[in-house]
Amino acid sequence: MRRSGYGVALVVGALLASAGCSSPYEGEAGSSGPRAITPVEGCGTSSWTNPADLATDREPARCLPGAPSPQPLGKTRKLTIATGTLSAEYVAPLEVALAKGEFKKEGLDVTLKVLPTPDALPLLAKGDIDAQWAAPEAAVMNGVKGGFDIRWVAGNFSPAPESKSGLWVRLKKGESADRVRMVGRRMGTMIGKGSVIAYPMEKALVKHGGGLDRIQFQQLGSADVLTALQNGGADSAWLLDPVWRKVDGDARYAFLGGQPLGEPLGGMLYGRSLLHDDVDAGVALLRAYIRTLNTYFAGDYKKDPAFVAELAKLLKTDKAVLESTPSLRMDWEIRKGTTGRLQSAYAAAGVAKGDPVPESKAVDRALYAEAVGHEP
């Protein structure tokens with residue numbers, strides 16, 4: 001059962017009251033103290049891009065394949081990463097890193113554990129799990145605001161320019177893709193208002209006279225969203241990969257917008273154990289992740305049929321389904337201001353109140369900077 005932002009806020013409040021979590025507001029970054037940054041072979045100027053660069057055609061940061069090379073820890077660390085699913089394509093880098101032994105090369109014994117964000121968040125804050133493959137959703141930001149010691153430490157992906165995963169609408173008589181009035185429409189979605197998708201959804205709605213507070217939400221199961229759009233049960237819908245392929249090219253429907261190009265909206269979240277207690281392991285985990293992107297996901301990885309077949313097996317999905325959508329633009333970096341834009345959308349959706357969390361209390365780029373040898 002999906003939980004609302006308010007329900008998660010209650011969980012956050014209860015945990016804070018019972019566990020007495022300390023405030024994370026002790027410095028500009030979550031990692032403990034300054035650490036030495038040394039150049040990393042294979043990771044030059046292309047391994048870092050200006051966080052303020054929001055250009056839609058920005059090339060993601062990249063090192064050479066195989067870089068950054070492993071730096072095995074002196075003693076094996078057992079780490080647990082929570083993820084909401086193991087079948088989505090955006091989780092593929094973690095599964096490939098596990099299958100190819102990239103974590104093991106760093107001296108890490110990694111377990112991927114399926115847990116929804118509301119269940120994983122308190123565990124991350126308490127240190128019962130080490131990392132979470134998720135996003136700075138409203139629940140996360142509300143938790144940080146309440147005192148959870150959590151930071152967003154690495155990005156995941158942005159869509160390919162040709163992707164049409166996002167907001168689709170059934171056109172009424174006389175409407176076209178550039179002339180649609182969204183106010184008052186019913187939207188079918190499996191994603192709640194507290195999801196990061198609230199940000200691109202709000203952007204698309206505002207362009208067409210709507211807004212998160214000016215439409216009616218109808219939360220549906222993943223198998224019901226498309227059906228509701230097609231049979232009139234919903235006027236619009238947020239369609240994910242590869243579902244949007246079912247209406248693409250049909251003149252009765254129009255695509256109004258999706259996730260911003262070049263701006264990851266999720267990725268790796270760390271709690272106290274990797275931010276403070278064992279920063280070496282935190283850097284090692286990101287080093288393995290970044291090396292996996294540079295080695296296996298640097299470009300259009302779906303051009304390699306053998307690799308697509310391997311991904312399909314890891315994700316337990318059909319190879320044809322993977323091939324039906326463009327490659328994701330895998331990206332470990334975090335753009336400047338993303339958490340602020342997300343929180344504005346959460347406020348508009350009514351799932352966040354009070355002053356927004358400053359980026360310095362929600363984001364820590366220092367760990368992936370160290371992994372690629374970038375001196376801030």
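Note: hydrogens, waters and symmetry copies are ignored here, and every other heavy atom, side chains too, is used.
Put simply, the side chain of V372 reaches to within 4.5 Å of the side chain of W332, judged on heavy atoms. Between D331 and R58 the shortest side-chain heavy-atom distance falls below 4.5 Å. Side chains of N294 and P65 form no contact here, defined as non-hydrogen atoms less than 4.5 Å apart. The closest side-chain heavy-atom distance from Y270 to L367 is below 4.5 Å. Between P68 and I290 there is a side-chain heavy-atom pair separated by less than 4.5 Å. Between P136 and L342 the shortest side-chain heavy-atom distance falls below 4.5 Å. Within the 4.5 Å cutoff, side-chain heavy atoms of T117 are placed close to those of E137. Looking at heavy atoms from C-beta onward, V96 lies in side-chain contact with L314 at the 4.5 angstrom threshold.
A donor-acceptor pair under 3.5 Å is absent between the side-chain atoms of Q343 and the main chain of M141, judged by distance alone. Under the 3.5 Å distance criterion, the side-chain polar atoms of S87 are left unmatched by any main-chain donor or acceptor of L315. At distances below 3.5 Å, not a single donor-acceptor pair connects side-chain atoms of R151 with backbone N or O atoms of L269. Side-chain atoms of R186 come within 3.5 Å of backbone N or O of G232 as a donor-acceptor pair. A side-chain donor-acceptor contact under 3.5 Å links S47 to the backbone of G44. Side chain of S163 to backbone of P159: no donor-acceptor contact under 3.5 angstrom is found. Side chain of D119 to main chain of L115: no donor-acceptor pair is present (N/O by atom type, distance under 3.5 Å, no hydrogens or angles). The closest donor-acceptor contact from the side chain of S344 to the backbone of G340 lies under 3.5 Å. With S324 contributing its side chain and P242 its backbone, the two residues share no donor-acceptor pair below 3.5 Å. Of the possible donor and acceptor atoms, none in the side chain of D248 sits under 3.5 Å from a partner among the backbone N and O of W244.
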Check: Does the ring pair (Phe, Tyr, Trp, His ring centres under 6.0 Å) test come out yes or no for Y368 and W48, once each step is laid out?
Finding: CA-CA 9 Å; Y368 70 67; W48 180 274; 5.6 Å; yes
Margin query: Assess the residue pair W152 and D364 against the criterion (side-chain contact (heavy atoms from CB on, under 4.5 Å)); give the C-alpha distance rounded to whole Å, side-chain angles, the decisive distance to 0.1 Å, and a yes or no.
Written below: CA-CA 6 Å; W152 183 19; D364 188 349; over 6 Å; no
Margin query: Under the criterion side-chain contact (heavy atoms from CB on, under 4.5 Å), I'd like the reasoning laid out for D277 against R272: C-alpha separation, chi angles, the key distance, then a yes or no.
Written below: CA-CA 7 Å; D277 300 339; R272 174 164 290 277; 3.9 Å; yes
Note to self: Could you go through L239 and S165, starting from their C-alpha distance and side-chain angles, then the distance that decides it, and tell me whether this counts as side-chain contact (heavy atoms from CB on, under 4.5 Å)?
What the structure shows: CA-CA 6 Å; L239 302 180; S165 173; over 6 Å; no
Next item on the list: Give the intermediate values and the outcome of side-chain contact (heavy atoms from CB on, under 4.5 Å) for residues I81 and M268.
Entry: CA-CA 9 Å; I81 305 173; M268 195 78 79; 4.2 Å; yes
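Taking D109 as the reference, nothing meets the salt bridge (charged side-chain N to carboxylate O under 4.0 Å, His left out) condition, with sequence neighbours excluded. Partners of R365 by salt bridge (charged side-chain N to carboxylate O under 4.0 Å, His left out), not counting sequence neighbours, listed by chain and number: E359. For E95, there are no salt bridge (charged side-chain N to carboxylate O under 4.0 Å, His left out) partners at least two apart in sequence or on another chain. In this structure, D213 has no salt bridge (charged side-chain N to carboxylate O under 4.0 Å, His left out) partners at least two apart in sequence or on a different chain. Qualifying ring pair (Phe, Tyr, Trp, His ring centres under 6.0 Å) partners for Y289, counting only residues two or more places apart in sequence or in other chains: W133. In this view, H208 satisfies the ring pair (Phe, Tyr, Trp, His ring centres under 6.0 Å) rule with no residue, not counting sequence neighbours. Under the rule for a side-chain hydrogen bond (donor to acceptor under 3.5 Å, both in side chains), the partners of E370 that lie at least two apart in sequence or sit in another chain are R35.
Residue pairs meeting the salt bridge (Lys or Arg N to Asp or Glu O under 4.0 Å) criterion with at least one member in residues 249-265, sequence neighbours excluded: D250-R252, E263-R341. Sequence neighbours left out, the pairs with a member in residues 70-84 that pass side-chain hydrogen bond (donor to acceptor under 3.5 Å, both in side chains) are R77-D278. Sorted by first and then second residue, the ring-ring contact (aromatic ring centres under 6.0 Å, His included) pairs with a member in residues 312-331 form an empty list; sequence neighbours excluded.
The cluster map of Ile, Leu, Val, Met, Phe, Trp and Tyr, joined by side-chain heavy atoms under 4.5 Å apart, puts V206 and W168 in different clusters. Linking ILVMFWY residues whenever their side-chain heavy atoms come closer than 4.5 Å, directly or via other members, leaves I37 and V283 in distinct clusters. Both L265 and V363 are assigned to one and the same hydrophobic cluster, defined by single-linkage of ILVMFWY side chains at heavy-atom distances under 4.5 Å. Connection of F297 to L261 is not established within any shared hydrophobic cluster, with ILVMFWY side chains joined at heavy-atom distances below 4.5 Å, either directly or through further cluster members. Hydrophobic clustering, with ILVMFWY side chains joined whenever heavy atoms are under 4.5 angstrom apart, groups V114 together with F103.
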Side-chain atoms of residues 169-177: list all donor-acceptor pairs with protein atoms under 3.5 Å, sequence neighbours left out, distances to 0.1 Å.
from: R170; atom 1: NE; to: L229; atom 2: O; distance (Å): 3.1
from: R170; atom 1: NH2; to: L229; atom 2: O; distance (Å): 2.9
from: R170; atom 1: NH2; to: Q230; atom 2: O; distance (Å): 2.2
from: R170; atom 1: NH2; to: Y253; atom 2: OH; distance (Å): 3.3
from: E175; atom 1: OE1; to: K172; atom 2: N; distance (Å): 2.8
from: E175; atom 1: OE1; to: R185; atom 2: NH2; distance (Å): 2.8
from: E175; atom 1: OE2; to: R185; atom 2: NH2; distance (Å): 2.4
from: S176; atom 1: OG; to: D178; atom 2: OD1; distance (Å): 2.6

Tell me which donor-acceptor pairs under 3.5 Å the side chains of residues 299-309 have, and how far apart each pair is, sequence neighbours excluded?
from: D300; atom 1: OD1; to: K302; atom 2: N; distance (Å): 3.4
from: D300; atom 1: OD1; to: S327; atom 2: OG; distance (Å): 2.6
from: Y301; atom 1: OH; to: E89; atom 2: OE2; distance (Å): 2.5
from: Y301; atom 1: OH; to: L328; atom 2: N; distance (Å): 3.0
from: K302; atom 1: NZ; to: E89; atom 2: OE1; distance (Å): 3.0
from: K302; atom 1: NZ; to: E89; atom 2: OE2; distance (Å): 3.2
from: K302; atom 1: NZ; to: L322; atom 2: O; distance (Å): 2.7
from: K302; atom 1: NZ; to: T325; atom 2: O; distance (Å): 3.0
from: K302; atom 1: NZ; to: T325; atom 2: OG1; distance (Å): 3.2
from: D304; atom 1: OD1; to: A306; atom 2: N; distance (Å): 3.0
from: D304; atom 1: OD1; to: F307; atom 2: N; distance (Å): 3.3

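The two residues V153 and L275 make their nearest non-hydrogen contact at CG1-CD2, 4.1 Å. Heavy-atom minimum distance, R329 versus P60: NH2-CD, 3.4 Å. When all heavy atoms of V357 and A362 are compared, the pair lying nearest together is CG1-CB, 4.1 Å.
No more than 12 heavy atoms of other residues, nucleotides or ligands lie within 6.0 Å of CG in D355, so this atom counts as exposed by the packing criterion. Other residues, nucleotides and ligands place more than 12 heavy atoms under 6.0 Å from the NZ atom of K319.
Test N50, D53, T49 against R335 for side chain to side chain donor-acceptor pair (under 3.5 Å) and you get one pass: T49.
Note on K105 versus E102: salt bridge recorded, some NZ/NE/NH1/NH2 to OD/OE distance being below 4.0 Å.
Side chains of E41 and S69: a donor-acceptor N/O pair is absent below 3.5 angstrom, by distance only.
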